[in-house]
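No experiment lies behind these values; they were computed from the predicted model shown. Numbering of ligands and ligand atoms starts at 1, following listing order.
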Amino acid sequence: MAFYYDEPSHTFSEYLLVPGYSDENSIPSNVSLKTPLVKFKKGETPAITMNIPLISAIMQSVSNDTMAIALAKEGGVSFIYGSQTVENQAAMVRRVKSYKAGFVASDSNLSPEDTLEDVLNLKEKTGHSTVAITSDGTAEGKLVGIVSSRDYRVSRMEPSLKVKEFMTPLKDLVTAPEGTSLKEANDIIWEHKLNSLPIVDKNGCLVSFVFRKDYSSHKENPNELLDSSKRFVVGAGINTRDYETRVPALVEAGADVLCIDSSEGYSVWQKRTIEWIRSKYGDKVKVGAGNVVDSEGFRFLAEAGADFIKIGIGGGSICITRETKGIGRGQATAVIDVAKARDEYYKETGVYIPICSDGGIVHDYHITLALAMGCDFCMLGRYFARFDESPTQKVLVNGNYMKEYWGEGSARARNWQRYDLGGAQKLSFVEGVDSYVPYAGPLHDTVSVTLSKIKHTFCNCGALTIPELQKKAKLTLVSSVSIVEGGAHDVVVKDTNNHN
Ligand code: IMP
């Protein structure tokens, strides 16, 4: 006879936290959201600790190099999507690792023979007012001047006027050589009252710019997550098919951590993938695995050697796995069950394997609930897809700006490797949808609000760290009637914007 669980499985919206005692230390600025990303032995420090408990989903519509840089600035980690060629994925990882905070590759470049009209068109396109003038009009060409808004007056000049007639020529520019540190660059900007400082190589070719306005933004990111060489930490997704070529390329490109991306992780394929990585790299290459939804799945991947384990089947916003295949489990119940298994495993072996709640985060407080239920961090797709930094198009739909967001199992992504069970190498049916999500501006703004809400809830529960919350949290299931009570009710709401 089949096994039946005693209890129905629940999701986050069915739970609430009951406040605990808060003393005078329970203030948001005292809360630390630091959390381990990879397994560690009792008494030792994990090889990677994140400054915030958020990672971005391994999806074409979420995690590219731009997203990875933006999230690492906040203290989290992106896992660059694996449903692309090995070369392209490795190139994205390389771009994150070679990104030097404060040094920006020029995206607005023209040649001296171009015109004022070209300058205006470019400014319209990029939104940037500093244009590098190089001999061949490329970002790496020989620098011959700069055009900024101080160099022209549209009302007094002909659109056909050549750039060379009004640019600030190289002889009047302050530049700095390649190898200049950010601190030195900022000192030069300050001394010479510049808005931008071009960095040039020994042949006089443009390398990058340092902008005055970025100085403050750099200081605004005290949480940024860096490796020992002060480069941003970045993850990358892999699959159970082409790991023998993909993993070496990603490791070579500098990926700090990998994760097997699969809709269902309790499988021999994941075990084989981890075994191959261990045989080639030992413990040096960190690899997460998943997804599982119960203690058996956890134990299997823990014993297979996973560095962290992801939880979640069917709860993703774009996911129709439960509808198409009838598999899955309420996300809250899955997290609670796996957290118990993780704690037992830790007691038995002295090895702590971080667990990640993946998918289904709708409200910010769901993150706090997931943490309280025992997970160490959350993976989010929809949440990050809404920001400027996600790889997808911003489009106007019925007067509102939206970003596109599609599942890895959708006909658009056709990531068959994610759903592979060792059969035909194709997506037999779709398990995800193609959708829009409301555009939400720059990542930094929303992530700051989310973290602030999480920290406030921590304080309400009298906890200043994630482990403390896990110890102190009091969770209650709520009835469907009390969920109605939880929203604004019996009033006519003036501003219907909800701030998820
Ligand atoms: P979200 O944060 O609720 O949008 O869920 C994101 C998660 O959904 C990802 O991290 C994946 O685990 C999962 N996912 C991504 N694409 C698909 C799909 O096409 N079908 C089912 N699940 C998906």
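Ionic pairing of Lys271 and Glu303 is not present here: no N-O contact between side-chain nitrogen and carboxylate oxygen is shorter than 4.0 angstrom.
Taking atom 20 (N) of ligand 1 as the reference point, the nearest protein heavy-atom neighbour is Glu431 O, 2.7 Å. The shortest contact between atom 16 (N) of ligand 1 and any protein heavy atom is with Glu408 N, 2.9 Å. The protein non-hydrogen atom at the shortest distance from atom 6 (C) of ligand 1 is Tyr405 OH, 3.7 Å. In this structure, the protein non-hydrogen atom closest to atom 17 (C) of ligand 1 is Tyr419 OH, 3.4 Å. At the top of the distance list for atom 7 (C) of ligand 1, counting protein heavy atoms only, stands Asp358 OD1, 3.5 Å. Protein heavy atom at the shortest distance from atom 21 (C) of ligand 1 is Cys319 SG, 3.0 Å.
Heavy-atom contacts of Leu380 reach the following atoms of ligand 1: 2 (O) (cutoff under 4.0 Å). Residue Ile318 has at least one heavy-atom neighbour below 4.0 Å for each of these atoms of ligand 1: 8 (O), 14 (N), 15 (C), 16 (N), 17 (C), 23 (C). Annotation for ligand 1: atoms under 4.0 Å from non-hydrogen atoms of Met379 are 10 (O). Close contacts between ligand 1 and Gly316 involve ligand atoms 3 (O), 5 (O), 8 (O) [criterion: under 4.0 Å to a heavy atom]. With ligand atoms numbered from 1 in the order given, ligand 1 contributes 9 (C), 15 (C), 16 (N) to contacts under 4.0 Å with heavy atoms of Met59. When each atom of ligand 1 is checked for a heavy atom of Ser317 under 4.0 Å away, the hits are 1 (P), 3 (O), 4 (O), 5 (O). Within ligand 1, counting atoms from 1 as listed, the ones closer than 4.0 Å to a heavy atom of Arg382 are 1 (P), 2 (O), 4 (O). For ligand 1, the atoms closer than 4.0 angstrom to any heavy atom of Thr321 are 21 (C).
No donor-acceptor contact under 3.5 angstrom links the side chains of Ser390 and Tyr405, judged on distance only. A donor and an acceptor atom, one from each side chain of Tyr352 and Asp376, are located under 3.5 Å apart. Side-chain contact of Ser61 with Thr392: a donor-acceptor pair under 3.5 Å is absent, judged by distance alone. No donor-acceptor contact under 3.5 angstrom links the side chains of Glu431 and Thr324, judged on distance only. Counted by atom type alone, Thr333 and Glu7 present zero donor-acceptor pairs between their side chains at under 3.5 Å. Between the side chains of Glu389 and Thr66, no donor-acceptor pair of N or O atoms lies under 3.5 Å.
In terms of N/O distances under 3.5 Å, ligand 1 is approached by Gly409. Annotation: Arg418 places an N or O atom under 3.5 Å from an N or O atom of ligand 1; distance criterion only. Among the atoms of Gly381, some N or O lies under 3.5 angstrom from an N or O of ligand 1. By the 3.5 Å distance cut-off applied to N or O atoms, Gly360 is counted among the residues near ligand 1. Residue Lys310 places no N or O, backbone or side chain, under 3.5 Å from any N or O of ligand 1.
By the 6.0 Å contact criterion, NZ on Lys97 is enclosed, its count of non-hydrogen atoms from other residues, nucleotides or ligands being greater than 12. A 6.0 Å sphere centred on NZ of Lys340 holds no more than 12 heavy atoms belonging to other residues, nucleotides or ligands. At most 12 non-hydrogen atoms from other residues, nucleotides or ligands lie less than 6.0 angstrom from OH of Tyr4. By the 6.0 Å contact criterion, NE2 on His456 is open, its count of non-hydrogen atoms from other residues, nucleotides or ligands being 12 or less.
A donor-acceptor pair under 3.5 Å is formed between the side chain of Arg278 and the backbone N or O of Gly305.
For the side-chain contact (heavy atoms from CB on, under 4.5 Å) criterion with Leu225, the lone passing option out of Lys73, Glu74, Met50 is Met50.
The residue Trp406 has no part lying near ligand 1, judged by heavy-atom distances below 4.0 Å. Only the backbone of Ser410 comes within 4.0 Å of ligand 1, judged by heavy-atom distances.
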